[in-house]
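What follows is a short report on a single structure.
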There are 2 protein chains.
Amino acid sequence: MSAITVDRYDLEILSELQRNGRATNGALGERVHLSMSQVSRRIQRLEESGVIRQYAALLDSEVLGLGVLAITSVTLGRHGETQGDAFEQAVADMPEVLECLSVTGEADYILRVVATDLASFSEFMMKRLLRLPGVVNVKSNIALKRIKETHALPLNHVTQPAQVTRRVVLSKSA
Amino acid sequence: MSAITVDRYDLEILSELQRNGRATNGALGERVHLSMSQVSRRIQRLEESGVIRQYAALLDSEVLGLGVLAITSVTLGRHGETQGDAFEQAVADMPEVLECLSVTGEADYILRVVATDLASFSEFMMKRLLRLPGVVNVKSNIALKRIKETHALPLNHVTQPAQVTRRVVLSKSA
DNA sequence: TGTGAAAAAAACACGTG
DNA sequence: CACGTGTTTTTTTCACA
């Protein structure tokens, strides 16, 4: 596995790109005191190395009518790992499940789920999640208030300049 | 509060922009069989109405060395709401906390936290989170495997065409 | 690594239905 | 008033020094 060197300029660029994924090379260059071509080449490197995974438009769930957000713990019965795979596959295909982690502790999985209202959330739980094979227990915590919600990863832990493990390649059209 | 009408063209545009926040108006137009100017005007409307909250570059936490992801439940002692406000403020200022929700159920808050490794996660818990005033109990579930992780909201629930509540305005430079 | 040309895309104004 | 067309401006990409 190859590596990429990330210096403090890269970190500043990444930080700004996390805030504004459409920042122009010119604007970024002005911010970090680098030429446009420098910025362009650095971003290309960051994309190719997989540090930048994707550019995306972030939508407002409340405006779109998705008023319910829940953290749900799921426990599976003990029936071998085939069941786990089936559960993971099924959950990955459910658009209302934004996140699914297999975790340490009492539960097997923790899910982050959105729904339009409590009625439809309840229906999703009863009719879809609980009916998946192997699911023996679910426990949901409904969000009362969203204190903080960000996609922006902390970057200050990166000792500058740092070697970072290289990953997948971002396709041009993705 | 005013409203915006979102039809099936808008939904297709939003869906694609969630996947690729840098899709050009031309490409989007081809996809939904609409002219460039149509797409441009629709996107502008979606931005102004707050449906599109932000454009962002999504970074890869593993590539950046943030190998630990945890879901942490926090319980506060019963000392009035001033304490809750202080906790919420403190947590909002911690970059390693990506998400914080106040929730129903046993715990008061659920947090999504990243760290470079278990040692630094442990240090964060002991030295920073547990020392916040009012915190009497925390319980963490460490992610063993990330089954699914998306920002893409489901859009199929929107009955087409639908009235959507208007929100804040996206500033041009944000 | 910067500079300048070429290509692409976005923003804008205009004319038309 | 909504729509497409054409023009202008911005931004990116690429070749070259």
Side-chain angles (χ1 to χ4, degrees), chain A residues 2-59 160-164 169-174, chain B residues 2-59 160-164 166 168-174:
Chain A
S2 57
I4 180 184
T5 309
V6 175
D7 64 15
R8 71 180 191 82
Y9 292 109
D10 293 317
L11 289 177
E12 272 197 76
I13 290 171
L14 288 173
S15 171
E16 181 60 22
L17 244 25
Q18 283 197 113
R19 284 205 324 113
N20 176 13
R22 289 195 162 178
T24 66
N25 295 343
L28 288 168
E30 211 169 300
R31 196 170 185 279
V32 303
H33 305 296
L34 240 45
S35 70
M36 255 189 46
S37 54
Q38 276 278 45
V39 173
S40 172
R41 276 167 198 153
R42 281 167 184 272
I43 290 178
Q44 211 171 336
R45 239 165 32 91
L46 292 166
E47 287 172 356
E48 280 166 6
S49 64
V51 176
I52 296 175
R53 208 165 30 90
Q54 185 186 8
Y55 295 94
L58 304 182
L59 311 187
Q160 311 143 11
Q163 295 281 100
V164 170
V169 175
L170 186 77
S171 83
K172 204 68 183 178
S173 62
Chain B
S2 57
I4 180 185
T5 308
V6 175
D7 64 16
R8 71 182 191 83
Y9 293 110
D10 292 317
L11 289 177
E12 273 197 74
I13 290 171
L14 289 173
S15 172
E16 182 60 21
L17 280 176
Q18 284 198 111
R19 285 204 325 114
N20 177 13
R22 290 195 161 178
T24 66
N25 294 345
L28 288 169
E30 211 168 301
R31 196 171 185 280
V32 303
H33 304 294
L34 239 46
S35 71
M36 256 189 46
S37 55
Q38 277 277 46
V39 173
S40 172
R41 270 164 230 191
R42 281 168 184 270
I43 290 178
Q44 210 173 333
R45 240 165 30 92
L46 292 166
E47 287 170 357
E48 280 165 7
S49 62
V51 176
I52 296 176
R53 211 167 26 92
Q54 184 186 9
Y55 295 94
L58 304 181
L59 311 187
Q160 310 144 11
Q163 295 281 100
V164 170
R166 187 177 290 239
V168 285
V169 175
L170 184 77
S171 83
K172 205 67 185 177
S173 63

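Naming: A, B, ... by sequence-line order, numbering from 1 per chain.
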One pair to check against salt bridge (Lys or Arg N to Asp or Glu O under 4.0 Å): A/Arg19 and A/Glu16. What are the steps and the verdict?
CA-CA 5 Å; A/Arg19 284 205 324 113; A/Glu16 181 60 22; 3.3 Å; yes
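- Closest heavy-atom contact between A/Ile52 and B/Ala57: CG2-CB, 4.3 Å.
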Please step through side chain to side chain contact (heavy atoms under 4.5 Å, CB included) for the pair B/Leu17 and B/Ile13, ending with a clear verdict.
CA-CA 6 Å; B/Leu17 280 176; B/Ile13 290 171; 3.9 Å; yes
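- B/Gln44 places its CD atom 14 Å from the C1' atom of C/dA13, with the value rounded to the nearest Å.
- Of the inter-residue distances, the one linking A/Asp10 atom CG with A/Arg45 atom CZ reads 5.5 Å to the nearest 0.5 angstrom.
- Partners of A/Arg41 by salt bridge (Lys or Arg N to Asp or Glu O under 4.0 Å), not counting sequence neighbours: none found.
- Comparing A/Arg42 and B/Arg22 against DNA chain C, the residue whose closest nucleotide sits nearer the 5' end is A/Arg42.
- Remark: P of D/dA2 and CZ of B/Arg45 are 10 Å apart, rounded to the nearest angstrom.
- Distance from the side chain of A/Thr24 is smallest to D/dT12 among D/dT13, D/dT12, C/dA10.
- In this entry the distance linking CD1 of B/Ile13 with P of C/dA10 reads 12 Å, nearest Å.
- Close to D/dT11, at under 4.0 Å from its OP1 or OP2, lies no side-chain N or O of A/Asn25.
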Could you pull out the protein-nucleic contacts involving nucleotides 2-6 of chain C (nitrogen or oxygen on both sides, under 3.5 Å)?
| unit_1 | atom_1 | unit_2 | atom_2 | d |
| --- | --- | --- | --- | --- |
| C/dG2 | OP2 | A/Ser35 | OG | 2.8 |
| C/dG2 | O6 | A/Arg41 | NH2 | 3.0 |

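- Sparse packing is recorded around CD of B/Glu30, with 12 or fewer heavy atoms of other residues, nucleotides or ligands lying under 6.0 Å away.
- Nucleotide C/dA10 holds its C1' atom 11 Å from the CD1 atom of B/Ile43, rounded to whole Å.
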